[in-house]
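As the structure lists them, so they are numbered: ligands from 1, and atoms in each ligand from 1.
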Amino acid sequence: MAASAKAISLEKPKPPGEDWTVVLPRRRKQKRDFRKIIECELQKPGESWSPVDLQSDPESESKLMQKMQSYIEKLENSEFYQAFIQQIQSPEMSDHFHKVLGTAEKMQMVIYGIGSIESYEPPRIQLSLAILMKRKFTWIGDVEVFDPVISLTESKVLSALGCSVLSFNEQGRRQASKPTLFFMPHCEAGLYDNLLQANWGVLMLNKIVLFGNSFEAYEQISSVCKDPMCGETQRHILAIRKFTKEFPINPMVDDYFRTFHTSSWHFFGIGHDEDLQIVKL
Ligand SMILES: C[S@@+](CC[C@H](N)C(=O)[O-])C[C@H]1O[C@@H](n2cnc3c(N)ncnc32)[C@H](O)[C@@H]1O
């Protein structure tokens, strides 16, 4: 995201979960690796990518791995996780998952925008949830992860946890040629919009399950926003709303509120291409 976009975004109403830009100054104080952030901002669509830091050491990897294991264990034993799984297994939601799966045996998982699991707690909890889902449901296939801020240590730990780290910044534009669960907790609106734009056709949209910021919340905010530029990065999000079935996540307790507030599951049930063509973009 360009620096100018950050400045503008502070003036606009944002759905909860998109306050990342607001807390940047605090992150700077926490000695975030500036080179990584600059690198991220300079990324061009579809550019090959590798972590900026070229070194990692076994001690930091093992420490981070232990930390992740304890987060996974804590989450697995939480009331929040039990309710989260029950929601997926509810007849209505499992029906949607089945429709997306169709005749396929597996649904691949693509994780975008997880953030830094070394530096922050929400990314650790979000990754733990994705890993627990993969362990629980046999219908979840390979897990791929991308965030331009991932460090070499994080990349190694992600691989040890069974995820493949992409070496290509897709800018969220992966086309769902097969059933795909996009796990995108608290990403910027532009990334969801890129994903929808790249999949703007009945066949692909019907192969997508999307976990991320509530599209309903984006719609509510854009309906009260007076700035004509307000919906600019959300055109596809707003246009897909009427075809979207959304299931909100209940973060339940304070422990998980910060990590999952205003998050939802989204399914796109579209009958015909004509329906999409008449949508105003
Ligand atoms: C608002 S932060 C959310 C981080 C984390 N999920 C959380 O809740 O704290 C958005 C994340 O999206 C990442 N991001 C930006 N461009 C991306 C891209 N092209 N592909 C994947 N992730 C991207 C950023 O680096 C950042 O970590």
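- A heavy-atom distance below 4.5 Å is not found between the side chains of Phe84 and Glu79.
- Polar contact with ligand 1: present for Gly113 (N/O pair, distance under 3.5 Å).
- For ligand 1, the atoms sitting less than 4.0 Å from at least one non-hydrogen atom of Val149 are 25 (O), numbered in the order shown with element in parentheses.
- Geometrically, ligand 1 and Asn169 share a nitrogen or oxygen pair separated by less than 3.5 Å.
- The six-membered or imidazole ring of Trp265 lies away from that of Phe183, with a centre-to-centre distance of 6.0 Å or more.
- Annotation: Phe97 is not in aromatic contact with Phe137 [ring centroid separation under 6.0 Å not met].
- Listed by number with element, the atoms of ligand 1 under 4.0 Å from a non-hydrogen atom of Gln126 are 5 (C), 6 (N), 7 (C), 8 (O).
- On a distance-only criterion, Pro185 and ligand 1 share at least one N/O pair closer than 3.5 Å.
- Between Lys74 and Asp255 there is a salt bridge, since a side-chain N of the basic residue sits under 4.0 Å from a carboxylate O of the acidic one.
- The heavy atom nearest to atom 3 (C) of ligand 1, considering only Met184, Glu188, His186, is found in His186.
- Taking the charged nitrogens against the carboxylate oxygens, Glu246 and Arg241 do have a contact shorter than 4.0 Å, which makes a salt bridge.
- Ligand 1 lies out of reach of Tyr120, whose nearest heavy atom is not under 4.0 Å from it.
- Between Glu144 and Arg174 a salt bridge is recorded (basic side-chain N to carboxylate O distance below 4.0 Å).
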